[in-house]
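Just below is one structure, and these are the notes that go with it.
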Amino acid sequence: MRIVLLGAPGSGKGTQAQRLAERSGIPQISTGDLLRAAVARGSELGLKAKAAMDSGRLVDDSLVLGMIRERLAEPDTRAGFILDGFPRNLLQAAALDGLLAELKQPLDAVVQFEVAPAELVRRISGRRTCADCGRVFNVLTSPPPTGAAALCPSTGAPHRLMQRPDDNEATVAERLRVYAEKTQPLIAFYRSRGLLRVIDAQGELDAVTRRLGQALAASSAERVRRSAAKGAARPKRAARAVKRRSPTARATARRGKAARKKTPARAVRKKRAAGARVRKPGVRRRTRR
Ligand code: AMP
C-alpha cells in the first residue's frame, strides 16, 4: 500500500496516518515530523528549515526532496508507505512521480481529508504532541487516555504533552493560506490521474478511521477492476506481438491495411466510369491455342 494523505493543517491526517501505520505495520512518513526532528537535533537541514517552519511557509523544495529520497530508500518502505504532509506543491508531486517511477513503486491512492475552515482552527488550537513518543492528541476532541493506557510507550511515564510552536494564531493563518495556494492544486492533479478519494474528515475519530479504510478498500477494488478490464480488452499474446513490432513496422502495416481496403475498389470504379473493361481480380485472360 503506497498512499498519500492530503489535507489542510489540522485536518487530522497525521492522527489517522499514525492509526493506519499501527494497524497495518506500514510506516508513516511525515515530512513535518522529519523536519521537526532535524530542527531538534540542530542539524544543517534543521537550521536551514527552521525559519520557514516558524513563519508557516514551506521549506525549500530541494531540502524536502533530498530528505524524502533518503527516507524512501530505507528498507521498511518496501511493503509500502503512508505519506503525510508530502507532497505540498505541484513541483514536489511531479518529483515524487519521477522518484516512484524510478523505484517501480507507483502510488496506489491519494486520500483528501475534507474539514471546514472553522473546525481546522479549533482543532489546531487543541492539538498537543507527546514530546517523547510523538503521538498526537487533542485536548478538545481526543484527549490522552487515562490509566495504564496513558503511559508513553517510549518512557513508561505519562505522556509529556507539548504544543507545537507553529500552532499559534498568526502562523496558523499563514499555513492555511499556503495550503490554499500551493497544496490545493494537488487535488486536481491527482484527480486527473484517477487516484483521488475524498473523505469527510469531521466527526468522531473512529468514524473518520472507518471512512479512510472504506476509501482505501474502494481504491484497491477499483485497481483490480481496471487491470481485469485491461486484460480482457487486449489478450496477452496479441498485446505482446504488437509491442514486439517496431514503430516503423507498425506504421507500414497500418498503411498497407488501409491501401488493401481502399485503393483497388476506388481504382476499379474510376476505370469503369471511364468506359474501360476491368477484369475481376483472380480471373485469368484466355490465351489462344
Ligand atoms: P506539518 O507538520 O506537516 O504541519 O508541517 C510543519 C511545517 O513543516 C510546515 O508548515 C512547513 O514549514 C514544513 N513542511 C512540512 N512538510 C513540508 C513539505 N512537504 N514541503 C515544504 N515544507 C514542509
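If you're wondering where the values come from, they're calculated on a predicted model, not measured in any experiment. Count residues from 1 along the sequence. Just so you know, ligand 1 is whichever comes first in the structure, and atom 1 is the first atom listed for that ligand.
- The backbone and the side chain of Val59 each have at least one atom closer than 4.0 Å to an atom of ligand 1 (non-hydrogen atoms only).
- On a distance-only criterion, Phe86 and ligand 1 share no N/O pair closer than 3.5 Å.
- Contacts between Gln92 and ligand 1 below 4.0 angstrom, taking non-hydrogen atoms only, involve the side chain exclusively.
- Scanning the protein heavy atoms around atom 16 (N) of ligand 1, the nearest turns out to be Thr31 OG1, 2.8 Å.
- At least one cation-pi condition fails for Arg175 and Tyr179: the charged atom is not both under 6.0 angstrom from the six-membered ring centre and inside a 45 degree cone around its axis.
- Taken to the nearest 0.5 Å, the NZ atom of Lys13 stands 13.5 Å off from the CD1 atom of Ile82.
- Checked against a 3.5 angstrom limit, the closest N/O atoms of Leu35 and ligand 1 fall outside it.
- Shown in contact with Arg164 at under 4.0 Å from a heavy atom are these atoms of ligand 1, numbered in order with element: 1 (P), 2 (O), 4 (O), 6 (C).
- Considering backbone and side-chain atoms together, Arg88 places an N or O closer than 3.5 Å to an N or O of ligand 1.
- Around atom 10 (O) of ligand 1, the closest heavy atom drawn from Lys13, Lys182, Arg175 belongs to Arg175.
- For a threshold of 3.5 Å applied to N or O pairs, the pair formed by Asp33 and ligand 1 contains no separation below that value.
- For Asp166, no nitrogen or oxygen atom sits less than 3.5 Å from a nitrogen or oxygen atom of ligand 1, counting backbone and side chain alike.
- Within the structure, salt bridge (Lys or Arg N to Asp or Glu O under 4.0 Å) contacts touching residues 16-31 (residues at least two apart or in different chains) are Arg19-Asp206.
- Near Gly85, meaning under 4.0 Å from one of its heavy atoms, ligand 1 places the atoms 16 (N), 17 (C), 18 (C), 19 (N).
- Annotation: salt bridge (charged side-chain N to carboxylate O under 4.0 Å, His left out) contacts of Arg128 (sequence neighbours excluded): none.
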